[in-house]
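Shown next, in structure tokens, is the structure this report addresses.
Just so you know, residue 1 is the first one in the sequence shown, and it goes up from there.
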Amino acid sequence: MKSRSLIFVLALSALILAGCGLQKMAKRYPEVSITLNNPDLENKGGKVEYTIKGTIPPKYMKKKADVTIQPTLKSATGEVLGQLEPITLVGEKSKVSGITIPYKAGGTFTKTGSFDYNDALQDGEIIAQTKAALGKKSQIFSPDRVLGDGVSNTSSLTDMTPRLADNADNKGTYFLFGSHNYKEEFETETGVIYFEVNSSTMNWNNKLNKSNEAKTAIKNLVEFLNKGGEIQKVIISGWASPEGEESNNQGLSERRFEQGKKWFNEQYDKYIKQYCKDNKIKVKDFKKPELAFENNANGEDWNGFEAAIEKSNIPERNKILNVVRSQPNNTLREQRIREMTDIYNEVADQILPPLRRAEISLVYKKNQYNDQEIAQLALSDPSKLNLNERLYAASMAKSNATKADIYSAIINEAQYENDWRAYNNLAALRLNDYYTTGNADYLNEADNLLNKAAAISPDNGIILNNKAISAFFAGNIADAKQLFQDSQKAAVNPVNQSYNTAMFKILEGDFEGAGQSLSGAKCDYNTALTQILRKDYAAAKVTLECIAEPDAKVAYLKAILAARTADELGLYKNLGIAIEKNAKYKNKAKRDAEFKKYKQTTEFQNLVK
């Protein structure tokens, strides 16, 4: 009977002592430090990384006690959003597993982990609930510790602002057109007038001028001129043979050029007079077209000389070339050529005479219609144009409505049903219409057109690019990412997608990778966003300031940068601009953890009220 009483007394004493021990721990609980290593938590690819650190003072942790710290996520309304992995601290003689804290010395603890981002955490908080146990007694310490308030979601502020373009680069997002493949084609006709040695006088009795080859070339040139095509330019070049003194030869080439130009102008005047006669126009009333001349007085024709020697039948041609090429200056080269004319008749009679000349070349536009005519015919009589010309007309049209009319007309013609470009290009316009109006009908039409284009050209980077943007607009982010990647690897028309893939890297938390992908995009919103996320604030400031037409989102990003760099006045100024330009930023700013240090200020409250 006495033994049972003793056991009861001992047990009661243990409970009393345990209770006293917990009370002492509870009383000294304010001395326990529990903090977030970085209170500015952020969403990185859907995960929030955290590190909790703590310090237990000396003579606090009872040897048989254990303490459980339970970090908990709560919304602004107090709703529990989740619990993090608990932290268990134990005394030196505790039988519970955990981090041992010596009684005399006290100690520290660190807990690192991550949790899924929840949008409600923007203005929520992380609290620490602490419970201690000693023997059979337990006690919850109060108050709960607030470790952090708010998780920033700035990485979600990526922006896709597509523009219509013929080509993509790594500086933006584009609705891409297929190439029209139209090009201006030119043909050239050349005639040559030959001159006697040291002469710039026109002499049609010159042996070379009387040759069938020379006469035919001049005849063809005149006929070419009289066809009345669109002359792109006239190239007139004067040349001299290289055996004379260099300065004299330069003057000869200039005078021969002048003779060639004089002869051409005479022929052109004859053509104009005949044109006026045939069209019953008075010459004085006719506005003579201004021609573009390329004038060349080339001096000595060394290249022509060497080429002629190489093609000749002179047995010692290699020796002649070696002698000429080995001379240190033109004066000695000229001297050696003069010496060779005495030794080799072929040099004097066959090589040098053709080099004394004036060349007249007419460059004509080969296309049947000029740009103005193509633009008009595409709308009034498209049957006169081929497909490339019609697509070219669309590319020249200033109005997107006119472009759409031309593409729609092409699509409705059976002969072009196997060409993907009009389908894709009209889809690009419809995607642009959706972006500017939000009308879902445009998005549906674009998808149908892109599916038809892809059926014709299935692995085409341009089509895949536009399909990626369409998927992004529809909220299918994973599909958009894959389509952009496919576009870059496409077998046909692969597209540089470094800019677009960078946006997905931002959303996935790969800020360094995004920065590398955006290295070519200067004065760009997404570049500035990435720099802020990488904490390169000086670079972000430069980038934001050089954006040519800053809109509301740029102003909001400037406000975030100001908050991060303790520029309070800059914060209020730019947040005010953002809200003025787009009222949605008022409610966004109220919840945004980027501004948590300033939310209670009068200036902030006045902006968001």
Side-chain angles (χ1 to χ4, degrees), residues 3-42 44 47-74 78 80-117 121 124-151 593 596-597:
S3 62
R4 288 183 181 179
S5 299
L6 179 60
I7 292 170
F8 175 78
V9 170
L10 290 174
L12 182 61
S13 299
L15 287 172
I16 294 171
L17 289 172
C20 292
L22 289 178
Q23 289 177 6
K24 289 181 180 180
M25 291 177 70
K27 184 176 181 181
R28 294 185 62 195
Y29 181 56
E31 298 177 38
V32 175
S33 170
I34 309 172
T35 60
L36 278 174
N37 187 48
N38 179 11
D40 297 322
L41 299 178
E42 63 179 338
K44 292 183 68 175
K47 292 287 185 180
V48 182
E49 298 174 352
Y50 69 91
T51 298
I52 297 174
K53 290 188 174 184
T55 302
I56 306 299
K59 297 183 179 181
Y60 178 84
M61 179 64 76
K62 301 300 182 182
K63 292 183 178 182
K64 293 184 179 182
D66 59 87
V67 174
T68 301
I69 301 170
Q70 177 61 67
T72 301
L73 306 175
K74 287 189 174 183
V80 175
L81 302 173
Q83 291 185 325
L84 309 184
E85 188 175 348
I87 304 166
T88 301
L89 310 176
V90 298
E92 296 165 282
K93 294 183 178 181
S94 173
K95 295 181 180 180
V96 177
S97 297
I99 301 169
T100 300
I101 304 294
Y103 174 73
K104 287 186 178 181
T108 62
F109 63 89
T110 300
K111 180 65 176 179
T112 299
S114 66
F115 56 87
D116 292 336
Y117 174 76
L121 289 170
E125 59 184 7
I126 303 176
I127 66 168
Q129 298 171 322
T130 303
K131 179 180 180 180
L134 182 59
K136 294 183 179 181
K137 288 280 187 176
S138 65
Q139 183 172 346
I140 296 175
F141 296 165
S142 61
D144 292 341
R145 299 285 182 88
V146 177
L147 304 184
D149 53 339
V151 178
K596 60 187 177 183
K597 296 177 184 177

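Residue I101 holds its CD1 atom at 6.5 Å from OG1 of T108, rounded to the nearest 0.5 Å. Note that CG of L36 and CG of L147 are 5.0 Å apart. Values are rounded to the nearest 0.5 Å. With values rounded to the nearest 0.5 angstrom, I87 atom CD1 is found 7.0 Å from K111 atom NZ. Between the OG1 atom in T130 and the CD atom in Q139 there is a gap of 11.5 Å [rounded to 0.5 Å]. Atom OH of residue Y117 and atom CG of residue L41 lie 11.5 Å apart, to the nearest 0.5 angstrom. Atom OG1 of T110 and atom NZ of K53 lie 5.0 Å apart (nearest 0.5 Å).
Counting only heavy atoms from C-beta outward, the side chains of D40 and K596 approach each other to under 4.5 Å. Counting heavy atoms from C-beta outward, V67 and I69 have side chains that approach closer than 4.5 Å. Side-chain contact between F115 and L121 is present, with at least one heavy-atom pair separated by less than 4.5 Å. At least one side-chain heavy atom of E92 sits under 4.5 Å from a side-chain heavy atom of P102. Using a 4.5 Å heavy-atom threshold, the side chains of K93 and Y103 count as separate. Counting heavy atoms from C-beta outward, V151 and L73 have side chains that stay 4.5 Å or more apart. For the pair I126 and Y50, the minimum side-chain heavy-atom distance is 4.5 Å or more. Inter-residue side-chain proximity for K131 and Q70 is flagged as unmet; no heavy-atom pair is nearer than 4.5 Å.
Residue P71 comes nearest to P86 through the heavy atom pair CD-CA, 4.2 Å, listed as atom of the first residue, atom of the second, then distance. Closest heavy-atom contact between L134 and K64: CD1-C, 3.5 Å. The minimum heavy-atom distance linking I34 with A128 is given by the pair CG2-CB, 4.4 Å. Of all heavy-atom pairs between Y29 and P143, the closest is CE2-O, 3.9 Å. Nearest heavy-atom pair, A65 versus S94, reported as atom, atom and distance to 0.1 Å: O-CB, 3.6 Å. Taking every heavy atom of both residues into account, R28 and K59 meet most closely at NH1-O, 2.6 Å.
Counting non-hydrogen atoms of neighbouring residues, nucleotides and ligands closer than 6.0 angstrom, the CD atom of E85 reaches no more than 12 such neighbours.
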inquiry  = Run F109 and I56 through side chain to side chain contact (heavy atoms under 4.5 Å, CB included) and show every step you take.
reply    = CA-CA 8 Å; F109 63 89; I56 306 299; 4.2 Å; yes
ask   = Run the side chain to side chain contact (heavy atoms under 4.5 Å, CB included) check on D116 and K47 step by step: do they pass?
value = CA-CA 5 Å; D116 292 336; K47 292 287 185 180; 2.5 Å; yes
ask   = Under the side chain to side chain contact (heavy atoms under 4.5 Å, CB included) criterion, do M61 and M25 qualify, and how do the steps go?
value = CA-CA 7 Å; M61 179 64 76; M25 291 177 70; 4.1 Å; yes
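Residues D66 and K95 are not paired through a salt bridge, judged by the lack of any N-O separation under 4.0 Å between the basic side chain and the carboxylate.
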